[in-house]
Chemist: 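Below: one structure in structure tokens.
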Amino acid sequence: MAKITIREAISQALMEEMDRDPAVFIMGEEVGVWGGTYAVTKGFYEKYGAERVKDTPIAENAIVGGAIGAALVGQRPIAELMTINFAFSAMDYVVNQAPKLRYMFGGQFKVPLVIRAVGGGGRQLGATHSQTPDAIFAHFPGLKVVSPGTPEDAKGLLKSAIRSDDPVLFIESATMYQSRGEVPDGEYTIPIGVSKVQREGKDATIVTYAKGLEISMKAADQLAKEGINAEVVDLRTLRPLDMGPVLESFKKTNRAVIVEEGWKSYGVGAEVATRIYKEAFDYVDAPIIRVAQKEVPLPYNRTLEQSALPQVPDIVAAVKEVMK
């Protein structure tokens with residue numbers, strides 16, 4: 001298996017699906033001539049031309065609205081938003097139109113649409129460009145929400161998203177494009193809505209996804225040096241949410257720490273914790289702890305920004321707390 005970056009994995013998935021299906025095309029700000037804000041679509045314009053790699057105005061409403069229209073008439077658009085924060089400008093289309101059209105028309109229409117968006121902080125882009133509002137979008141039935149944490153998952157899940165007949169919001173972590181990992185050779189897909197144990201353990205369960213996976217794995221390595229064997233479960237998809245591996249792990253360890261980059265209040269961690277308490281209450285040996293971003297607009301100053309984001313020591317401390 002090749003060891004590549006998440007950026008390369010996403011590019012491969014896009015190119016393979018465009019080669020496989022002529023109905024697949026990309027549209028968004030700077031995706032063409034410029035090659036994408038994060039260089040994901042570099043070289044695509046030269047290979048596929050302006051008909052399949054469409055540069056758009058700076059107008060998220062137009063991007064997502066146009067993509068929905070294309071999907072309704074049989075195309076498979078991939079709409080790129082420069083950052084998930086800009087999805088707020090197209091909120092009606094993202095959560096009120098795309099997820100509901102197939103249902104409202106009794107299945108007469110399909111909406112095979114992928115919205116790619118970059119989320120999370122850590123790049124000193126200021127409070128309005130650094131949010132992790134994943135839980136907001138996962139709230140709406142009909143919209144699949146995917147957020148991978150490894151190159152293998154990024155490629156396999158994106159290919160599945162492009163082939164889906166329902167709209168998918170595919171969230172890519174802003175600081176993870178250079179993260180490397182092994183990716184299988186040849187054609188493969190990963191089903192949407194399946195969580196995965198990324199590290200086996202027996203003492204405590206860490207539930208996380210996306211950027212949280214990266215820091216959770218580092219925390220697990222540090223804990224192992226101190227004799228604590230943590231199991232790390234990667235959600236990978238927020239809607240539909242697969243709690244099977246989470247509950248199975250928790251019934252083994254009886255303790256859980258949930259890690260997310262977003263804010264704690266009304267977040268992904270709150271949903272996961274509630275489901276654990278409901279489905280595995282008899283196995284609880286310690287209160288579940290949530291590790292998340294500080295409840296402030298993310299600062300621009302690098303030191304302050306990093307202090308507001310969840311870090312490895314926060315996870316280590318939380319696991320030690322549930323082990324008491």
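Values in this document were obtained by computation on a predicted structure and should not be read as measured data. Below, each value reflects all heavy atoms present in this structure, side chains not excepted, and no hydrogens, waters or symmetry copies.
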Chemist: Could you tell me which non-hydrogen atom of Gly121 sits nearest to which non-hydrogen atom of Leu298, and how far apart they are?
Modeler: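 For Gly121 and Leu298, the tightest heavy-atom pair comes out as CA-CD2, 3.7 Å.
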Chemist: Main chain of Ala39, side chain of Arg7: is a donor-acceptor contact present, judged purely on distance under 3.5 Å?
Modeler: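 No, Arg7 side chain to Ala39 backbone: no donor-acceptor pair under 3.5 Å.
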Chemist: Linking I/L/V/M/F/W/Y whenever their side-chain heavy atoms sit closer than 4.5 Å, directly or via other members, would Val145 and Leu113 fall into one cluster?
Modeler: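 As far as the 4.5 Å side-chain criterion goes, Leu113 and Val145 are connected within one cluster.
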Chemist: Are a donor atom and an acceptor atom from the side chains of Ser179 and Glu214 found within less than 3.5 Å of each other?
Modeler: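 Side-chain D/A pair, Ser179 to Glu214: present.
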Chemist: Does Phe140 have more than 12 heavy atoms from other residues, nucleotides or ligands lying within 6.0 Å of its CZ?
Modeler: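 More than 12 within 6.0 Å, yes.
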Chemist: Taking Arg290 for its side chain and Gly269 for its backbone only, find out whether a donor-acceptor pair lies under 3.5 Å.
Modeler: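 Side chain of Arg290 to backbone of Gly269: no pair is present.
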Chemist: Check whether any side-chain heavy atom of Asp92 sits under 4.5 Å from a side-chain heavy atom of Gln97, and report yes or no.
Modeler: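 Result yes, sub-4.5 Å side-chain heavy-atom pair found.
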Chemist: With heavy-atom distances below 4.5 Å as the criterion, would you say the side chains of Glu60 and Met82 are in contact?
Modeler: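 When only atoms from C-beta onward are counted, Met82 and Glu60 do not touch, as no gap falls below 4.5 Å.
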Chemist: Under 3.5 Å, is there a donor on one side chain and an acceptor on the other for Thr237 and Lys144?
Modeler: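 Their side chains do not contain a donor-acceptor pair, so the 3.5 Å distance test is not met.
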Chemist: With clusters defined by side-chain heavy atoms of hydrophobic residues (ILVMFWY) lying less than 4.5 Å apart, directly or transitively, does Trp263 cluster with Ile215?
Modeler: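 No, it is not one cluster - the side chains of Ile215 and Trp263 are not joined through contacts under 4.5 Å.
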Chemist: Applying salt bridge (charged side-chain N to carboxylate O under 4.0 Å, His left out) to Glu248 and Lys251, what does each step give before you reach the verdict?
Modeler: CA-CA 5 Å; Glu248 184 177 344; Lys251 290 176 180 179; over 6 Å; no
Chemist: For the pair Asp19 (side chain) and Glu16 (backbone), establish whether a donor and an acceptor sit closer than 3.5 Å, ignoring hydrogens and angles.
Modeler: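 Not at all, since once roles are kept as given, no pair shorter than 3.5 Å links the two residues.
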Chemist: Do Ile10 and Arg116 make a side-chain contact, defined as non-hydrogen atoms from C-beta onward lying under 4.5 Å apart?
Modeler: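 Side-chain contact under 4.5 Å: yes.
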Chemist: Taking atom CG of Leu304 as the centre, report whether more than 12 heavy atoms of other residues, nucleotides or ligands fall under 6.0 Å from it.
Modeler: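 It does: Leu304 CG has more than 12 such atoms within range.
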Chemist: Please confirm whether the backbone N or O of Val33 pairs with a side-chain atom of Asp55, one donor and one acceptor, at under 3.5 Å?
Modeler: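 Checked: pair present.
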Chemist: Has Asp234 got a side-chain atom pairing as donor or acceptor with Ser195's backbone, closer than 3.5 angstrom?
Modeler: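 No: the side chain of Asp234 does not pair with the backbone of Ser195.
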Chemist: Work out which heavy atom in Ala70 is nearest to a heavy atom in Pro77; give both atom names and the distance.
Modeler: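 Closest heavy-atom pair between Ala70 and Pro77: CB-CG, 4.2 Å.
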Chemist: So which atom in Gln198 and which in Thr150 form the shortest heavy-atom distance, rounded to 0.1 Å?
Modeler: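 Between these two residues, the closest heavy atoms are NE2-CG2, 4.0 Å.
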Chemist: Do Gln124 and Glu305 have side-chain N/O donor and acceptor atoms under 3.5 Å apart?
Modeler: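 No pair is found: no donor N or O on one side chain lies under 3.5 Å from an acceptor on the other.
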Chemist: Check Asn229 against Gly201 and note the closest heavy-atom contact, atom names and distance.
Modeler: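 Shortest heavy-atom contact: OD1-CA, 3.4 Å.
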Chemist: With side chains defined as the heavy atoms from C-beta onward, is the minimum distance between Val268 and Leu235 less than 4.5 Å?
Modeler: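 Result yes, sub-4.5 Å side-chain heavy-atom pair found.
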Chemist: Crowded around Lys47 NZ? As in, over 12 foreign heavy atoms under 6.0 Å?
Modeler: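 Yes, the 6.0 Å shell around NZ holds more than 12 heavy atoms from other groups.
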Chemist: Of all heavy-atom pairs between Ile190 and Leu157, which one has the smallest distance, and what is that distance?
Modeler: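 Where Ile190 meets Leu157 most closely, the heavy atoms are O-CD2, 3.6 Å.
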Chemist: Within a reach of under 6.0 Å around OH of Tyr266, are more than 12 heavy atoms found that belong to other residues, nucleotides or ligands?
Modeler: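 Not buried by this count: 12 neighbours or fewer within 6.0 Å.
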Chemist: Would you say that Gln306 contacts Leu309 through its side chain, given a criterion of any heavy-atom pair below 4.5 Å between the two side chains?
Modeler: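 In short, these two side chains touch, coming nearer than 4.5 Å.
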Chemist: Report yes or no: does Thr41 contribute a side-chain atom to a donor-acceptor pair with the main-chain N or O of Gly35 at less than 3.5 Å?
Modeler: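 Yes; judged by distance alone, with no hydrogens or angles, the pair exists.
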Chemist: Is there a path of hydrophobic side-chain contacts, each under 4.5 Å between heavy atoms of I/L/V/M/F/W/Y residues, joining Leu241 to Val257?
Modeler: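 No; tracing contacts between hydrophobic side chains, which count when under 4.5 Å, never links both residues.
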Chemist: Parallel under 30°, tilted from 30 to 60°, perpendicular over 60°: which one fits the rings of Phe137 and Phe88?
Modeler: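 Rings of Phe137 and Phe88: parallel, as their planes differ by under 30°.
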Chemist: Please determine whether residues Leu247 and Ile258 belong to a single hydrophobic cluster, defined as Ile, Leu, Val, Met, Phe, Trp and Tyr linked transitively by side-chain heavy-atom distances below 4.5 Å.
Modeler: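 Same cluster.
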Chemist: Under 6.0 Å from the NZ atom of Lys252, do we count more than 12 heavy atoms belonging to anything else shown?
Modeler: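 Count over threshold, so yes.
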Chemist: Can any side-chain N or O of Tyr48 pair as donor or acceptor with the backbone N or O of Met15 at less than 3.5 Å?
Modeler: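 Here the side-chain-to-backbone pair exists.
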Chemist: Test your reading of the model: is there a side-chain donor-acceptor pair from Arg76 to the backbone of Val24, 3.5 Å cut-off?
Modeler: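 Answer holds: no.
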Chemist: Which heavy-atom pair separates Arg255 from Ala286 by the least distance, and what is that distance?
Modeler: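 Heavy atoms of Arg255 and Ala286 come nearest at CG-CB, 4.2 Å.
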Chemist: May I ask you to decide if Gly181's main-chain N or O and Glu152's side chain share a donor-acceptor pair within less than 3.5 Å?
Modeler: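 Pair absent, no side-chain N/O of Glu152 close to backbone of Gly181.
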Chemist: Using side-chain heavy atoms (C-beta onward) and a distance below 4.5 Å, is Pro184 in contact with Met1?
Modeler: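 Yes - at least one pair of side-chain heavy atoms lies under 4.5 Å apart.
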Chemist: Is it the case that one hydrophobic cluster holds both Leu14 and Phe25, taking links as side-chain heavy atoms less than 4.5 Å apart, direct or via other members?
Modeler: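 Different clusters.
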Chemist: Take atom CD of Glu51 as the centre, draw a 6.0 Å sphere, and report whether it contains more than 12 heavy atoms from other residues, nucleotides or ligands.
Modeler: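 12 or below, so no.
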Chemist: Check this for me: Tyr277, atom OH, are more than 12 non-hydrogen atoms of other residues, nucleotides or ligands nearer than 6.0 Å?
Modeler: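 Counting other residues, nucleotides and ligands, OH of Tyr277 exceeds 12 neighbours.
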Chemist: Does a donor on one side chain and an acceptor on the other come within less than 3.5 Å for Thr83 and Asn85?
Modeler: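 Judged by distance alone, the side chains do pair up.
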Chemist: Looking at Ile228, is its backbone amide N or carbonyl O close enough to the side chain of Asp203 to form a donor-acceptor pair, meaning the two atoms are under 3.5 Å apart?
Modeler: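 Between the backbone of Ile228 and the side chain of Asp203 there is no qualifying donor-acceptor contact (under 3.5 Å).
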